[in-house]
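Taking it in order: structure first as structure tokens, then the write-up.
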Amino acid sequence: MTAGIGAAAITRTAPITDVHAHLLMPGLHADVERRAPEGVREAAELELRRNGAVSQAVSGPMVGARIPRLTDVDVRLAEMDRQGVDRQWVSASPNHFYPWAPEGLAVWVAQEANRLIAEHVAHAPERLIGLGVVPLQHPERILECVDDAILGRGLAGIEISSFAGDVELSDPRLEPMWARVAELGAVVFLHPFGCSLDERLDRFYLANTVGQPAENAVALSHLIFSGVLDRHPTLKLVAAHGGGYLPTAIGRSDHAWRVRPDARACEHLPSSYLRRIWFDTVVHDEGALRHLLEVAGASQVVLGSDYPFDMGLDDPVAFVRDAELGADAETAVLSGNADALLGRLVEQGVRS
């Protein structure tokens, strides 16, 4: 599994980077609640329908117990030391996407979140790298928030959900966003929030265990089949949760591309695009991680933890090492691939 690593294969002494870790911003949420109490109430009711009361009763205390890890820089750094992680990409907890927010509020939320993320990572700029937020449900206002995050706040890219309202990632209205982030050499971190299967997943925590992988697969399929990656070949797209179900079931997509004219909007076999997307290691199974390297390539997998949530990896470095990927591939996953993703931004002097 060492083929194709190239420049990403660096020495084992290189800093280990976790690309999937979250920040909670309680003050931001309080402001949103003051500005739009009805919207917050309706969103909470939707989450209850989607997750079910039993799961919500578990999730509330789980998040509450992790507030220091989600908000306190010193606690974050101590946890990174415990995990053996040198650098961490910090992105907003997805509850801060607010996909229901009207235009004015959504733009304010994105820019305020960008400010707070930048302030958080500025406490340890040599170890923390920030990703910003954009109002995905309002495509006409995204570019100003991209520029606010990357040029205004020095963040390394943006985090987006798998969809927002009627906006799928194949939506032509998002073309300016893809073009701009590719031009800047910025990272786009795809992290779902919520699943459109709704009440079908409202028990046994299926909203997460099934919903998140399904949303990743749907979103990535929109990007691949619509030709977004053909039109923007330099796009740096990182998919959370190992890309969900898509890398495992990609053969079905290839078959559809071969036999169905309505599945031929992309130029090449869908499986070929897996080698142009990056995937984190939050797959919870060593065999699944090895398969991910087989279908995407060792250069396309980056360490992730989903810190500090209970569905993440508490010891992400050990998980990768226990998978026995081979020395070069292991080093690329733990260090080199994330560094390569940020290379252009570092050259431009744009970092948090």
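Just so it is clear, the structure is predicted and the values come from calculations on it, not from any experiment.
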Check: [Y] and [X] side chains under 4.5 Å, non-hydrogen atoms:
| X | Y | value |
| --- | --- | --- |
| Pro139 | Val167 | yes |
| Gln88 | Leu77 | no |
| Phe97 | Val109 | no |
| Pro316 | Tyr307 | no |
| Asn216 | Leu246 | no |
| Gln83 | Leu313 | no |
| Val210 | Phe204 | no |
| Thr281 | Leu303 | yes |

What pair of heavy atoms forms the shortest contact from [X] to [Y], and how long is it?
| X | Y | answer |
| --- | --- | --- |
| Trp89 | Thr17 | NE1-CG2, 3.5 Å |
| Leu70 | Leu23 | O-CD1, 3.2 Å |
| Ala338 | Val19 | CB-CG1, 4.0 Å |
| Leu169 | Ser161 | CD2-O, 3.8 Å |
| Cys195 | Leu201 | SG-CD1, 3.8 Å |
| Glu168 | Ser162 | OE1-O, 4.1 Å |

With rounding to the nearest 0.5 Å, note down the distance linking [atom1] in [X] to [atom2] in [Y].
| X | Y | atom1 | atom2 | value |
| --- | --- | --- | --- | --- |
| Leu46 | Asn51 | CG | CG | 9.0 Å |
| Leu237 | His232 | CG | NE2 | 12.0 Å |
| Leu229 | Thr234 | CG | OG1 | 10.5 Å |
| His191 | Glu215 | NE2 | CD | 12.0 Å |
| His222 | Phe163 | NE2 | CZ | 10.0 Å |
| Ile67 | Asp72 | CD1 | CG | 11.5 Å |

Is [Y] paired with [X] through a side-chain N to carboxylate O contact shorter than 4.0 Å?
| X | Y | value |
| --- | --- | --- |
| Asp314 | Arg82 | yes |
| Arg321 | Glu330 | yes |
| Asp310 | Arg66 | no |

Counting only N and O atoms by type, is there a donor-acceptor contact under 3.5 Å from the side chain of [X] to the main-chain atoms of [Y]?
| X | Y | result |
| --- | --- | --- |
| Ser335 | Pro15 | yes |
| Trp257 | Cys266 | yes |
| Arg127 | Val85 | yes |
| His284 | His241 | no |
| Arg231 | Ser226 | yes |
| Thr71 | Met25 | no |
| Asn337 | Ala332 | yes |
| Gln300 | Ile277 | yes |
| Ser55 | Gly52 | no |
| Tyr273 | Phe225 | no |

Side chain to side chain contact (heavy atoms under 4.5 Å, CB included) evaluation trace for Ile129 with Val121: CA-CA 6 Å; Ile129 295 162; Val121 301; over 6 Å; no
Might you work through the side chain to side chain contact (heavy atoms under 4.5 Å, CB included) test for Leu128 and Arg76, ending with a clear yes or no? CA-CA 10 Å; Leu128 303 178; Arg76 181 183 300 276; 3.8 Å; yes
Ring pair (Phe, Tyr, Trp, His ring centres under 6.0 Å) against His29, all qualifying residues, sequence neighbours excluded: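 Applying ring pair (Phe, Tyr, Trp, His ring centres under 6.0 Å) to His29 gives Tyr98.
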Starting from [Y], can I reach [X] by hopping between I/L/V/M/F/W/Y residues whose side chains sit under 4.5 Å apart?
| X | Y | result |
| --- | --- | --- |
| Val133 | Trp178 | yes |
| Leu190 | Val146 | yes |
| Leu143 | Leu151 | no |
| Ile150 | Leu174 | yes |
| Val218 | Val282 | no |

Salt bridge (Lys or Arg N to Asp or Glu O under 4.0 Å) with Asp31: which residues, sequence neighbours excluded?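 Here the qualifying residues are Arg34.
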Take Val107 and Cys145 through the side chain to side chain contact (heavy atoms under 4.5 Å, CB included) test and state the conclusion after the steps. CA-CA 7 Å; Val107 173; Cys145 295; 4.1 Å; yes
Applying salt bridge (charged side-chain N to carboxylate O under 4.0 Å, His left out), which residue pairs with at least one partner in residues 54-64 are found, sequence neighbours left out?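 Not a single pair qualifies under salt bridge (charged side-chain N to carboxylate O under 4.0 Å, His left out).
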Please collect all salt bridge (charged side-chain N to carboxylate O under 4.0 Å, His left out) contacts where either partner lies in residues 199-213, sequence neighbours excluded, each pair once.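 Sorted result for residues 199-213: Arg49-Glu199.
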Describe, in one word, how the ring planes of His22 and Phe309 are oriented to each other, choosing from parallel (under 30°), tilted (30 to 60°) and perpendicular (over 60°).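 Plane angle between 30° and 60°, so tilted.
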So is Arg35 actually on top of Trp108's ring, under 6.0 Å and inside 45° of the axis?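 Ring-cation test returns yes.
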Taking atom CZ of Arg264 as the centre, does the number of heavy atoms from other residues, nucleotides or ligands within less than 6.0 Å exceed 12?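 Enclosed.
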Could you walk me through whether Glu286 and Asp322 pass the side chain to side chain contact (heavy atoms under 4.5 Å, CB included) test, one step at a time? CA-CA 7 Å; Glu286 294 166 8; Asp322 289 346; 3.4 Å; yes
Using the side-chain hydrogen bond (donor to acceptor under 3.5 Å, both in side chains) criterion, which residues pair with Glu144? Sequence neighbours excluded.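 Glu144 satisfies side-chain hydrogen bond (donor to acceptor under 3.5 Å, both in side chains) with Arg141 only.
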With sequence neighbours left out, write down each residue that passes side chain to side chain contact (heavy atoms under 4.5 Å, CB included) with Arg115, or none if nothing qualifies.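 Once residues adjacent in sequence are excluded, the partners of Arg115 under the side chain to side chain contact (heavy atoms under 4.5 Å, CB included) criterion are Glu112, Glu119, Arg153.
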